[in-house]
Every structure is written in C-alpha cells, then in structure tokens.
S.K.: 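Starting off with a structure, shown below.
Throughout, a chain's letter reflects where its sequence line sits, starting with A, and its residues are numbered from 1.
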Amino acid sequence: MATLRASIEVPGRAHMNDKTSAVRVRFAPSPTGYLHLGGARTALFNWLFARGQGGTMILRVEDTDAERNKPELVGGILDGLEWLGVGWDEGPFYQSGRTELYRAAAKKCLANGAAFLCYCPAEKYVGGDHEEESSEGPQLRRVTRCACRQGRPATPGGKPAVRFKVPLGGTTRFLDAVFGEREFSNDEIEDFVLLRSGKDDQEFGQSMYQLGVVVDDIDMRITHVIRGADHLSNTPKQVLLYRALGAEPPVFAHVPLILGPDKSRLSKRHGATDVNMYRAEGFLPEAFRNFLALLGWSPGGDEEFLRTKDLLRKFSLEGVSRTNAVFDRPKLEWFNTQYLQKLPIQELLPEVENELKRSGLWKPEWAAPGADGRDHAWLSKTVDLLRPRIRLLPDFSSWSRAFFSDEFTRDAAAKEKFWTDPRVPELLGRLADRLEALAEWNHDACDHASRAVAEAGGVKAGLLINATRVAIVGQAVAPPLFDTMVVLGQQRVVSRLRDAVASFAKA
RNA sequence: GGCCCGGUAGAGUAACUGGUUAACUCGUCACCCUUUCAAGGUGAAGAUUACGGGUUCGAUUCCCGUCCGGGCUACCA
C-alpha cells in the first residue's frame, strides 16, 4: 500500500498532550454488510487525519461474531475503500485470527480482579437492564449486578463467559476531541461480556466487541480513535478496560452520524447507501470524497469545492460538528458536475476511457498520445466539448454515444420537437450538399454555410440548427452545433445528414 | 423505561473566548446569455437561530425546563 511518509512532528493539541508519538488511526469495519455511507465517511476522516499529519492508517476487520459475519463481504468493503482512494499502511488485520490475544487479555482481567466468570445462560442473566412487567406494563429497570461477580453463581453449571466487573459507584471520564470532556456514572454501566462462553471442549469462546477493540487498539498503538457517535455510549466501558489492562486510553473523536432525508437513521430504505453503488452509477471518486468530507465537518471558510489536497491540508478534528448530518443526493450530484467540468482534462480522460471500455465504445487509437497524437487530441477535445453537459460518467456512452460511434439512434422526442416543420428534409439535404463542398472545415465555415442555407430557404437559422443537431447526434440536447460539427468531421456530418433525409423518405 | 448526545432557512455548514443588517454552498424561483440543454452571470424568496423561562446593558452563543430527533442499554459491532 501507500508508503509511509517519515513521521514528522505531530501538530497536536496542547490539551491532548500527545507526547511525540506519531498519529496512528484505524478504520475497523465489520463484515456484516457492505461499506455504507457512514462507514465510508468515517474511513475518510481517519484517512484525512492520518495523511494530513504524516501518520499511519490501519485497517482492521472486526469479525468476531461467527454468526453474523459474512466473509464474502470483505472484498466489497475493500473495493469500496479503494475506489474512495482511502488507502492504508498496515493490515488488513482480522480479529478472527487474533483470538489468543483476547483470551490472554481476558485472563489478565480475571487474574487482577477486573473481571469475573459468569455462569448465567445468556437468557437468564440477571444483571443488566432487563425488561420487567409492572402495573403500568413492561418497564425496564436499572442496572443490577449478577451474583456471579461475587463468585456465587446464581445458576451453577455450564460454561462460563467472562464479564467485566464494573466498579460500584464512581464515574468514568474521558476526553473526546469532538464532544469534549465526558463523564459517565459507573452505576449505569452493566457488567458487559468480554469473552463468550466456550462451545464443546473450548474453555472460552470468541471475544466480544468491547474487548477486541481495546486489546487491538492497545496492541496497534492507536493514538486517535475516530469513529461514529453511535459508539459514544460504549466508550466508558472501553476506558474501564484500558485501565484494567494497564494502558492509557487514546484520544477519542466521535463523529456525528449521517441520517436519511427524513432524519431517521440512514438505511437501505433510503436508497443507495452502499458506496459501491455510487461507483457503479458513475460518480467521480474525488467528487464523492469532497461531498462526504463536508458531512459533519467544515473547513470554516466559504470554500466548498475542495480537492483532495485541500481536504488533506484543512482537515482537523476541531472542525467536526456534533450534529447529525442529512445525506443530500442533489448536492452530491452538483459536486460531480463541478468536478466533471473543472478537472484538468488529463485527469478526467482515464475515467472516460474506463467508461467507454465498459460500454464497448472505446477505440485503442484514442489511448495516450501515440505516433502523431491526433486521435488522442481528438478525444481530449471531444470530451472537453461534452463535459459541461455530463452529470455522470455513463452519460459519455449513452447521451453522447453519437460522438464515439456511428451506431446511434435518433431520440423520438427530439424528432418530435425539431423535425416537425415540413421544410426540414429539404433543408437538411441542401445543407449536406453545401457542407460537402466546403474546402475548409471549421466552426466559422460551418456556421456561414448553415446560415446561408437557412436564409436561402427562408427560415430562421434556429430551425435548421436544431433540426441538424437531431440529424447528426440524435439528441435534442448536445453541445453547440458548429463545435459538434468540427469534432465529428465533414464526411461524417454529411453522411448523417443524408441518412436523416433518407429516413424521412422511408417514413 | 434508564443513561447519553444533539436541535441555525428544505439540505450541508459559518458566525474568535456572548456584542448589535445571522454569512456561504446545494436546492427553489426570476431575469440575462442563447442554436437545444446544461454551464455561467445577476437577483429574489426562504430563519421570530425548536419552544418557554432565566442570567446579562446585551444571547444563536451561558443556565433550567419542555418538545422533537438520534445513540446506547446483546454471549451484535
């Protein structure tokens, strides 16, 4: 993966007291689903933070739940990250392969009294926050402690799970770079499970989330935990674990969640939430990144069109908001059109090439400047002409098909709109003759010839121009006609005009 | 239910540690440009800063309450 730049001094924030250690962050997806927008945004923030300060980005797959885990989903998540341009320096590490590490940590907690063996079957566990029947219907009671923590199992027998022994009374506090100082009462925290009970001949089962994250974050020397705000309430548990394992907690930075247009949690019913679907739709990764970065973060100024290098330079945890953001697709599309228009043409060309290859329209001679470079120059000019009207990459092969192939059809609605005048066939025929006779093929020559034909025929130039557009590109909407003619070339324009005239005869 | 976090125009955000016409971007509407449609240009509408109290000479900024939204409350992550 990307080479790690030499560690430089961490700008750091005084109150966080970062010593001199370089920044180390991680993105830790769970393969229970695809890479969704929220996850992608979290990955992006971690990446921006790490790359912006010469730190290290680690990728860790949290697959400790054998039941819900779907290994085949990992590939899609990695693909999504790659498309997003979010690379990592270490990993991917898989928690499923680090089981011994977690068991050792759990045993350490058992040994130093920070954890206990709980023999309660999961359904019978008496601790926690269970629902209970009352005169007013089902009620949830406060956290209670199980007798197992005193070594007096309420329901002896069976295999025990390891639970963390949360201190009675007192508070647990930590620093969050986004939400500030946080303090939680220990009495609100249940004795959470560290290790599942073992099956068959196993002493213990797989690690639970809380143990896995903490052990790995310590082991991987993570300095900043940047993740979704849905983990804010779990953080005190983790801080307790850090202490029990004799480690200092990192700086936490919880970023607000991304909600759907109805302000409810973003889910499949809100449409595309899988980043790979945006790639498939033809968004440019950099535009997508720019849009995503602005969800829950602001550079402070008025500029919103921020290329990746700008994001890298400006990103900071201080700019992260505490308010959940709503995903707004129209704005994403706006960003895409902006990038389509403003990107240096040489940066856009590879994307267009991929698109044309995907649709089978690509011609090898268009590839990078060859012998005389004329074909490549033609492609470059054509894409440049087309791009102000393109919204998504696939538009290059659908909407602008006639620019790259002679096999195209004329849009019925376009004919309906611009071919209704009975004089059109004759005008198009005369224009074909006139253009064919042209010695010079350029914008002005096409312009003069067309206007002359219109004038001679006693019609407004617009009538001929619009009809001609439909004839040569098959669309009612296209780039300015004379520029289009230049790009298509004399022979092609003439033959398409005659083909159009012929189509009238048939009809 | 308990605990926690939020609440600035339809959306994303800004407004130095409270200071006076609440700013920018997307979207919407209008006009200009014009050869279609975009883009671009100009302008407009849209916010009693969720609501109600309080502190203060002064609050979007501080405090309390209410309402609304979200999160956590699993041998999920």
Side-chain angles (χ1 to χ4, degrees), chain A residues 28-33 62-65 67-69 118 120-123 125 128-132 134 136-143 159-163 179 182 184-185 187-190 192-197 204-206 208-210 212-213 228-237 254 256-257 259 261-265 291 294-305 319 321-335 337-338 340-341 387-391 414 417-418 447 450 460-466 468-470 475-482:
Chain A
S30 178
T32 51
E62 309 213 321
D63 54 353
T64 53
D65 184 347
E67 308 283 296
R68 306 196 322 149
N69 185 35
C118 183
C120 302
E123 334 75 64
Y125 178 59
D129 217 13
H130 300 292
E131 195 171 86
E132 209 170 54
S134 85
E136 273 107 60
Q139 294 276 294
L140 247 29
R141 65 181 172 186
R142 297 273 296 245
V143 169
K159 297 254 180 164
V162 178
R163 282 185 187 274
F179 289 87
R182 293 291 112 181
F184 289 79
S185 165
D187 291 333
E188 298 292 341
I189 306 171
E190 62 159 357
F192 54 99
V193 175
L194 260 25
L195 238 41
R196 294 172 167 91
S197 51
F204 294 115
Q206 288 268 282
M208 287 287 286
Y209 169 71
Q210 313 288 359
V213 247
D230 48 340
H231 288 292
L232 197 54
S233 304
N234 284 322
T235 307
K237 295 176 188 170
H254 288 96
L257 303 180
L259 309 178
D262 59 355
K263 299 217 174 203
S264 71
R265 184 176 205 168
F291 168 73
L294 260 17
L295 246 30
W297 172 75
S298 162
D302 283 348
E303 288 294 301
E304 291 212 320
F305 183 85
S321 156
R322 281 171 294 278
T323 314
N324 289 165
V326 172
F327 177 79
D328 185 44
R329 167 140 183 154
K331 191 156 184 178
L332 200 213
E333 292 184 358
W334 177 79
F335 270 111
T337 59
Q338 289 301 302
L340 245 10
Q341 283 178 56
R387 63 173 171 170
R389 264 152 277 252
I390 299 288
R391 295 191 71 76
K417 186 174 181 186
F418 293 125
D447 189 338
S450 301
K460 287 195 294 183
L463 177 82
L464 210 215
I465 287 170
N466 291 329
T468 303
R469 179 178 300 109
V470 176
Q475 304 273 147
V477 175
L481 187 70
F482 308 124

S.K.: Are A:R163 and B:C75 close enough that a side-chain N or O sits under 4.0 Å from OP1 or OP2?
M.R.: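 Yes, within the criterion.
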S.K.: Can you tell me how far CG of A:N324 sits from CZ of A:R265, rounded to the nearest 0.5 angstrom?
M.R.: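 Here the rounded value is 10.0 Å.
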S.K.: In whole Å, I'd like the distance from the CG atom of A:D262 to the C1' atom of B:C68.
M.R.: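 Answer to the nearest Å: 14 Å.
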S.K.: Provide, to the nearest angstrom, the distance between the CG atom belonging to A:L257 and the P atom belonging to B:G70.
M.R.: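 For the pair A:L257 CG and B:G70 P, the rounded distance is 11 Å.
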S.K.: Protein-nucleotides 45-47 of chain B N/O pairs closer than 3.5 Å?
M.R.:
none

S.K.: As an exercise, state the distance from CG of A:D328 to CD of A:E333, rounded to the nearest 0.5 Å.
M.R.: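 The CD atom of A:E333 is 9.5 Å from CG of A:D328, to the nearest 0.5 Å.
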S.K.: From CD of A:E190 over to C1' of B:C75, roughly how many Å is that when rounded to an integer?
M.R.: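 It is 11 Å, rounded to the nearest whole Å.
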S.K.: Contact class for A:G300 (heavy atom, under 4.0 Å): base, sugar-phosphate, or nothing?
M.R.: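 The residue A:G300 makes sugar-phosphate contact but no base contact.
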S.K.: To check you understand the geometry: which heavy-atom pair defines the closest contact between A:L195 and A:G205, and what is its length?
M.R.: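 Scanning both residues completely, I find the closest heavy atoms to be CG-O, 3.9 Å.
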S.K.: Counting only side-chain heavy atoms from C-beta out, which of B:U73, B:A77, B:G69 sits nearest to A:M208?
M.R.: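 Minimum distance to the A:M208 side chain belongs to B:A77.
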S.K.: Return the CG to CG distance between A:L481 and A:L464, rounded to the nearest 0.5 Å.
M.R.: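 Between A:L481 CG and A:L464 CG, I get 9.0 Å after rounding to 0.5 Å.
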S.K.: Whole angstrom is fine here: how far is it from CG in A:L232 over to P in B:C72?
M.R.: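 Rounded to the whole Å, the gap is 11 Å.
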S.K.: Atom pairs under 3.5 Å, N or O on each side, protein against nucleotides 6-9 of chain B: can you list them with distances?
M.R.:
{"from": "B:G6", "atom 1": "O3'", "to": "A:T323", "atom 2": "OG1", "distance (Å)": "3.4"}

S.K.: Report the distance from atom CZ of A:F192 to atom C1' of B:C76, rounded to the nearest whole Å.
M.R.: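 Rounded to whole Å, this separation is 15 Å.
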S.K.: Taking atom C1' in both B:C62 and B:U49, compute the distance separating them and give it to the nearest angstrom.
M.R.: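 Here B:C62 and B:U49 have their C1' atoms 15 Å from each other.
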S.K.: Using a 4.0 Å heavy-atom cut-off across all strands, classify A:R265 as base, sugar-phosphate, or nothing.
M.R.: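 Sugar-phosphate contact only - A:R265 comes under 4.0 Å of backbone atoms but never of a base.
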S.K.: Starting at the 5' end of RNA chain B, which residue's closest nucleotide do you reach first, A:P121 or A:S298?
M.R.: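 Between the two, 5'-proximity favours A:S298.
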S.K.: Are A:K331 and A:E304 ion-paired here, with the side-chain N under 4.0 Å from a carboxylate O?
M.R.: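 Result for this pair is yes, salt bridge flagged.
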S.K.: Quick check: closest heavy atoms across A:L257 and A:A229, and the distance to 0.1 Å?
M.R.: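 Result for this residue pair: CD2-N, 3.8 Å.
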S.K.: At under 4.0 Å between heavy atoms, what does A:T468 touch on the DNA or RNA strands: base, sugar-phosphate, or nothing?
M.R.: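 Nothing: the residue A:T468, judged by heavy atoms under 4.0 Å, touches no strand.
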S.K.: Using atom CD1 of A:I189 as one end and atom C1' of B:C3 as the other, report the distance to the nearest whole Å.
M.R.: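 Spelled out: CD1 on A:I189 to C1' on B:C3 is 10 Å.
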S.K.: With a 4.5 Å cut-off on side-chain heavy atoms, are A:I465 and A:F482 touching?
M.R.: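 Sidechains of A:I465 and A:F482: in contact.
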S.K.: When rounded to the nearest Å, what value does the distance between P atoms of B:A15 and B:G7 take?
M.R.: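 It works out to 13 Å between them.
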S.K.: Any chance you could list the contact pattern along nucleotides 23-42 of chain B? Use B for base contacts, S for sugar-phosphate-only contacts and - for none, protein heavy atoms under 4.0 Å, 5' to 3'.
M.R.: -SBSS-------BBBBSS--
S.K.: So, for A:I189 and A:K237, which heavy atoms are closest and what is the spacing to 0.1 Å?
M.R.: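 Minimum heavy-atom separation between A:I189 and A:K237: CG2-CG, 3.6 Å.
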S.K.: Within the 4.0 Å heavy-atom criterion, would you say A:S321 contacts the bases, only the backbone, or no part of the nucleic acid?
M.R.: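 Here A:S321 touches no strand at all.
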S.K.: Treating a pair as Watson-Crick (purine N1 to pyrimidine N3 plus N6-O4 or O6-N4) or G-U wobble (N1-O2 and O6-N3) with both distances under 3.5 Å, list the stems of 3 or more consecutive pairs that involve RNA chain B.
M.R.: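 Stems found: B:1-7 with B:67-73, B:10-13 with B:23-26, B:28-32 with B:40-44, B:50-54 with B:62-66.
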S.K.: So, for A:H254 and A:G228, which heavy atoms are closest and what is the spacing to 0.1 Å?
M.R.: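 Minimum heavy-atom contact is CD2-O, 3.3 Å.
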S.K.: Please state how far atom NZ in A:K237 lies from atom P in B:C72, giving the value in whole angstrom units.
M.R.: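 Atom NZ in A:K237 sits about 10 Å away from atom P in B:C72.
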S.K.: Heavy-atom distance under 4.5 Å between the side chains of A:P256 and A:T323, does that happen here?
M.R.: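 No, their side chains stay 4.5 Å or more apart.
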S.K.: Could you walk me through whether A:D65 and A:R196 satisfy the side chain to side chain contact (heavy atoms under 4.5 Å, CB included) test, starting with their C-alpha distance in whole Å, then the side-chain angles of each, then the deciding distance to 0.1 Å, before giving a yes or no?
M.R.: CA-CA 10 Å; A:D65 184 347; A:R196 294 172 167 91; 3.8 Å; yes
S.K.: Taking the P atom in each of B:A11 and B:G54, what is the distance between them to the nearest angstrom?
M.R.: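 Taking atom P in both B:A11 and B:G54, they lie 30 Å apart.
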S.K.: Got A:H231 and A:V213 here, is their nearest side-chain heavy-atom distance under 4.5 Å?
M.R.: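 No - every pair of side-chain heavy atoms lies 4.5 Å or more apart.
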S.K.: Nearest 0.5 Å, what's the CZ-CD distance between A:R469 and A:Q475?
M.R.: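 Between A:R469 CZ and A:Q475 CD, I get 10.5 Å after rounding to 0.5 Å.
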S.K.: Heavy atoms only, 4.0 Å cut-off, all strands: where does A:E67 land among base, sugar-phosphate and nothing?
M.R.: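 Since no nucleic acid heavy atom lies under 4.0 Å of A:E67, the category is nothing.
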S.K.: Sticking with atom C1', work out how far B:C31 lies from B:A47, rounded to a whole angstrom.
M.R.: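 Comparing C1' positions in B:C31 and B:A47 gives a spacing of 26 Å.
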S.K.: Please report, rounded to the nearest Å, how far the C1' atom of B:G70 is from the NE2 atom of A:H254.
M.R.: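 Interatomic distance, NE2 of A:H254 to C1' of B:G70: 15 Å.
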S.K.: For a quick test of reading the model, state the closest non-hydrogen atom pair linking A:A476 to A:F418 and the distance between them.
M.R.: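 It is CB-CE1, 3.8 Å.
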S.K.: Please report the distance separating the P of B:G19 from the corresponding atom of B:U60, rounded so that it comes out in whole Å.
M.R.: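 It comes out at 10 Å once rounded to the nearest Å.
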S.K.: ring-ring contact (aromatic ring centres under 6.0 Å, His included) with A:F192: which residues, sequence neighbours excluded?
M.R.: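 A:F164.
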S.K.: Rounding to an integer number of angstrom, what distance separates B:G52 and B:U8 when you compare their P atoms?
M.R.: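 Looking at atom P only, B:G52 and B:U8 are 16 Å apart.
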S.K.: Rounded to whole angstrom, note down the C1' distance from B:G12 over to B:C51.
M.R.: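 Result for the C1' pair: 24 Å, nearest Å.
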S.K.: Taking B:A50 as the reference, what is the distance to B:C68 when you measure between their C1' atoms (whole Å, please)?
M.R.: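 About 7 Å, rounded to a whole number of Å.
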S.K.: Which residues satisfy the ring-ring contact (aromatic ring centres under 6.0 Å, His included) test with A:F179, sequence neighbours excluded?
M.R.: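 Not a single residue meets the ring-ring contact (aromatic ring centres under 6.0 Å, His included) criterion with A:F179.
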S.K.: With distance as the sole criterion, do the side chain of A:S233 and the base of B:C3 form a donor-acceptor contact below 3.5 Å?
M.R.: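 Flag unset: no donor-acceptor pair detected.
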